[in-house]
Amino acid sequence: MHHTHTFEKANALASLALERIHAEKLLPTPENFELWYVYYSEENQDVRRAVDILLEAGERITDEHCYEIHNQFLADNTENERVRQAGDKIQSTIKDVKGIVSNVKKATTQYSARLNDIAERLGDHEVDKAEMQAVLHDVVSNTKDMIRQNELLEEKLSQSSQVMLELQRDLEMVRKEALTDSLTALSNRKAFDAELSRIAREADETGQTFTLILLDIDHFKSFNDNFGHQVGDQVLRLVARTLTEGVKGRDVAARFGGEEFAIILPETNLQGGAKVGDALRKAVAGKEVVNRNTGDKLGRITMSGGVAQYLPQENLDDLVARADAALYTAKHNGRNQISAAPAPGQKKAAG
């Protein structure tokens with residue numbers, strides 16, 4: 001994981017991480033250090049939530065807990081291992097097929113030589129009945145051997161084809177998991193970045209435009225503090241499900257990070273994007289949060305959003321920054337609203 005902190009900030013976080021490792025009597029492994037460094041940096045809300053759930057439950061945090069959290073949220077080991085295994089399987093399959101093909105090629109060469117030998121035997125002199133029977137026996141025997149070799153090749157190719165289909169499904173699943181947020185099942189930040197770049201290239205090529213919406217759950221930290229992280233996770237899933245239901249066709253819904261979400265709307269201008277953003281905001285506000293464990297109604301949640309329309313050849317970091325600034329405006333103006341980003345040169349977003 002890449003971190004961008006000042007020297008002083010990095011030193012402070014490193015000290016906190018080492019102190020916590022010592023206090024929890026954990027092994028000073030690189031994985032444990034990264035876990036606690038990320039925890040205190042608050043860069044990854046999934047990590048904080050997973051650790052805080054353990055703390056709220058009063059559990060002693062063990063090396064096993066740390067390993068599980070690191071492996072789930074900070075390491076690509078699972079996907080990499082599955083890709084490696086798939087690669088090994090492909091290599092093994094190719095090796096098996098090459099071996100069978102080599103055997104068939106060798107058998108074909110031998111079969112051709114035997115046929116030539118038989119032709120010479122038949123052409124040298126008159127052949128009596130016994131010798132003819134012997135020649136025919138050789139031809140039949142050699143032909144049967146050749147047929148067996150071809151059958152083995154067909155069987156191996158059939159097995160290899162099945163293996164390749166299974167590997168294709170496995171690798172597609174790995175690819176999908178690598179681009180999906182595990183908590184909400186939305187596209188993750190990696191998938192969002194890739195889609196944003198792709199849609200921007202498409203817009204530049206076609207002369208079309210698109211709109212980016214950034215949405216943030218209002219007062220989410222207070223909600224977490226009041227009701228606990230498990231309910232907080234429930235809220236995130238509820239919002240994700242509502243956003244998924246509210247987008248259509250080529251629209252992309254992603255978890256941008258923490259309690260922030262992003263929507264990309266291809267071929268949509270600023271006015272259209274603001275309309276969609278407001279519809280999503282109202283849809284979320286219309287859902288009541290219920291504690292699944294107790295059945296208690298916990299109230300409703302609201303979201304604030306910023307909308308920005310892509311400009312031709314615009315740097316995508318600038319586009320995100322404009323949408324984020326509009327989101328900040330919505331928060332500043334009282335939350336539970338959508339703000340549109342101004343065109344470059346204008347001073348403030350329109351509410």
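Start at 1 with the first residue, then count along the sequence. Predicted model only: the values in this text are computed from it and were never measured.
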Apart from Leu27 itself, its cluster of hydrophobic side chains linked below 4.5 Å comprises none

Going by side-chain contact (heavy atoms from CB on, under 4.5 Å), name the residues that satisfy it together with [X], two or more places apart in sequence or in a different chain.
X: Glu288; value: Lys297, Arg300
X: Leu18; value: Phe33
X: Val276; value: Ile213, Leu265, Leu280
X: Gln271; value: Asn269

Applying ring-ring contact (aromatic ring centres under 6.0 Å, His included), name anything that partners [X], two or more places apart in sequence or on another chain.
X: Tyr39; value: Trp36
X: Phe256; value: Phe192
X: Tyr310; value: Phe210

Would you check if there is a donor-acceptor pair between the side chains of Arg281 and Asn336 at a distance under 3.5 Å? yes

Query raised in the report: Have Asp216 and Ser304 got a donor and an acceptor in their side chains that come within less than 3.5 Å?
Result: no

Contacts satisfying salt bridge (charged side-chain N to carboxylate O under 4.0 Å, His left out) that involve residues 203-214 (not counting sequence neighbours) are none

Sorted by chain and residue number, the side-chain hydrogen bond (donor to acceptor under 3.5 Å, both in side chains) partners of Thr62 (sequence neighbours excluded) come out as Glu64, His65

Residues at least two apart in sequence or cross-chain that pass salt bridge (Lys or Arg N to Asp or Glu O under 4.0 Å) with Asp251, listed by chain then number, are none

Residue pairs meeting ring-ring contact (aromatic ring centres under 6.0 Å, His included), one or both in residues 282-309, sequence neighbours left out, come to none

